[in-house]
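Accompanying notes for the structure given below.
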Amino acid sequence: MTRVWRRTAGYSAGLLALLVGVVTVSAGIGPVSVPAGTVVAVVANAIAVPVSVEWAASAASGGGGLLTAGLPLRVEFAHPFAFPVSSTHEAIVMRVRLPRILLAAFVGVGLASAGTVMQGFFRNPMADPGIIGVSSGAAVGAVSWIVAPAGVLALLGPLRPLLADGAGLQIAAFCGALVAGFGVYLIASRDGRTPVATLLLAGVAVQTFLGAVVSYLLLHSGESIRRVTYWLMGHLSGASWSEVGAVAVVVPALTLVLFAYARDLNVLLLGETDAVALGVDAERSKRVLLAVSSVLTGAAVAVSGVIGFVGLIVPHGVRLLVGPDHRVLLPTSALAGGSFLVAADTFARSGVAELPVGIVTAAAGAPFFLYLLRTREVYDL
Amino acid sequence: MSDSGPTAGDTHRDGNAHRDGDAAPPLIAVRDLVVSRGDERVLDGVSLSVDRGELVGLVGPNGAGKTTLIAAVNGTLGFDGGTVELDGTDRRALSQREVARRVATVPQETNTAFEFPVESVVEMGRTAYVSRFGTTTEADREAVRRAMERAEVSEFADRSVTTLSGGERQRVLFARALAAETPALLLDEPTASLDINHQIRTLELVREAVDDGKAALAAIHDLNLAARVCDRLVLLSGGAVRATGTPREVLSDDALAASFGVRTAVNDDPAVGSPMVTALREGDDDAR
């Protein structure tokens, strides 16, 4: 193991422990306070280990639920732990708080990873996950769904069965994100090459245009203006286990792909010509980095709205601690982003009136960022 | 996972092997190379070759196409006609990764506004050997260590490149190229921004690598410096080769004065004995 990987492992282990701690403490905070020990007991009780899988020709589904849906399998689960906890506490932690906390954690991981990649990719300290218009595209998708669902349904014909499942808003937002990101990429590409500066400018222009679309939709949102505004500010209320399930698959998988490109990202920091001379297929690496971080951002924004500043400030803060090497920076930023968003959302929901978490991240993040700027500790990118 | 590249020691020790007839193909062979930018032909039918143990200097006025030629050889630029062969293989049949295992480049300057430690920058020279899901192996680390020693940057392995002087930074980039352990080296004005002692030192390091069997093609705008260290010079002007041969032949060639648009005089440098060219102004006595 090289020194770099030792550093990565050390920081990651520490930040993972921090994330687990923040999640545990957060699950105890709320109108009803639950001791951390009880939280751990509730989670342990929920652990289910499949002990036997049986081919049931009669298709009588067992306790498998999600995993075996549609398959004639009978899966028996054993619960290795049975700590005595009150059913109220159990319901509060498992049904109300944990889905929301885990959603915050995965969204935070996704936004911070995508933000780190974008800052390195654009060599620009102001780059954030939405820099190529992905967040704005998601906003247009989500707001259109809220304001005129019938119109969106007509556009997304083939996806109709999915939309009916109550995930219409998320899917409309995700599609909007992908269309915007891909559109910006096409606009900025010529002869198979995508200059980073063109991409940046095209992203800014498309963001401005989509901002106009959102403003127009807002004007005509009538009754639903409150819902639209709430979504645009970024919030995690009403999180469901199915949303957690979706991001729990998408976010870690895509983040791992980004990790695999950490070395390319380092070399690209030296400039594309240098990177090519060193043997990196720069255009291909750029495409992968851009596509993966855009899908990651799109997925995060689809389930949480536009939560600003996480993808901007977390990478900067972490870079101060670990330096610019993406092999260390990417995993540490990802984990720190998870903790940061869980903590911010805990604050957002524990006040007298609940706030959209986007307000908290911006209100807490911006002054911290200015502090870093004043102390000249922000690395030049 | 990584497989180590050919080391300098594996290649021919005898710099003159190619002159014995049917020896191995030159490590860098450029034939009738054409590169256009818009309607303008930046390179128009350039041919040259560089053998093992040979340091070839690419000289010529600003805008002659020296940097373009280097970019066409190392794969950072496409070309419109002719061929580039690396160790007998058409460059265009190779992936960029394979190109980078055959030829390493010392750029004129690089973006070093990042707090990467020197060792990390040198390690980037191993990019073409490290697999995407793997990490550096003992062979990679050994190559990095050797390259840093060779380029005399070991002492600041842990320092950030941003804290180094121009000469030190140039040696780090040289170490990065050595770490790739390629049989051929390309250098684009390696001494352009250096003061006189660093110029000599840097070129001496290149000379040592060549004497160990590498082939090197270096764009050098200082004619006298080029004449002092290179085995052969290639004079490039207006996108074509105007003269080629030993430093003495090229410096004395009428094409030189024509290319630079000045009258010149060639003498022997009294200190080191290498040929030395002086540009003459109108009214200067013609020393010839």
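Just so we're on the same page: letters track the sequence lines, and every chain starts at 1.
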Contact summary for [X] and [Y], nearest pair of heavy atoms:
| X | Y | value |
| --- | --- | --- |
| A:D325 | B:F116 | CA-CE2, 3.7 Å |
| B:M124 | A:L270 | SD-CD1, 3.4 Å |
| A:A260 | B:R132 | O-CG, 3.3 Å |
| A:A277 | B:T76 | N-CG2, 3.7 Å |

| Looking at A:V4, A:T273, A:D281, which one has more heavy-atom pairs under 4.5 Å with chain B than the rest? |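 So the answer, after comparing A:V4, A:T273, A:D281, is A:T273.
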Does atom CZ of A:F182 have more than 12 heavy-atom neighbours, drawn from other residues, nucleotides or ligands, at distances under 6.0 Å? no
Candidate pair B:R176 and A:L278, rule side chain to side chain contact (heavy atoms under 4.5 Å, CB included), full reasoning: CA-CA 9 Å; B:R176 191 182 75 179; A:L278 289 170; 3.9 Å; yes
- prompt: Could you state the interatomic distance from OG1 (B:T127) to CG (A:N266), rounded to the nearest 0.5 Å?
  reply: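 Between B:T127 OG1 and A:N266 CG, I get 9.0 Å after rounding to 0.5 Å.
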Margin query: Using 0.5 Å steps for rounding, measure from the OG1 atom of B:T105 to the CG atom of A:D274.
Written below: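 Separation between the atoms: 8.5 Å.
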Tell me whether B:Q96 contacts the main-chain N or O of A:V276 through its side chain, where contact means a donor paired with an acceptor under 3.5 Å.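 A pair under 3.5 Å: yes.
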Q. Contact part of A:Y261 toward chain B, heavy-atom cut-off under 4.5 Å: side chain, backbone, both or neither?
A.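 Contact with chain B involves both backbone and side-chain atoms of A:Y261.
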The interface call for A:R193 against chain B, heavy-atom contacts under 4.5 Å, is neither
- Task: May I ask you to test the B:T136-A:R263 pair for a side-chain heavy-atom distance under 4.5 Å?
- Result: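 Yes, close enough: below the 4.5 Å cut-off.
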Examine whether an atom of B:E123 lies under 4.5 Å from a heavy atom of chain A, and if so say whether it belongs to the side chain, the backbone or both; otherwise answer neither.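 Only the side chain of B:E123 comes within 4.5 Å of chain A.
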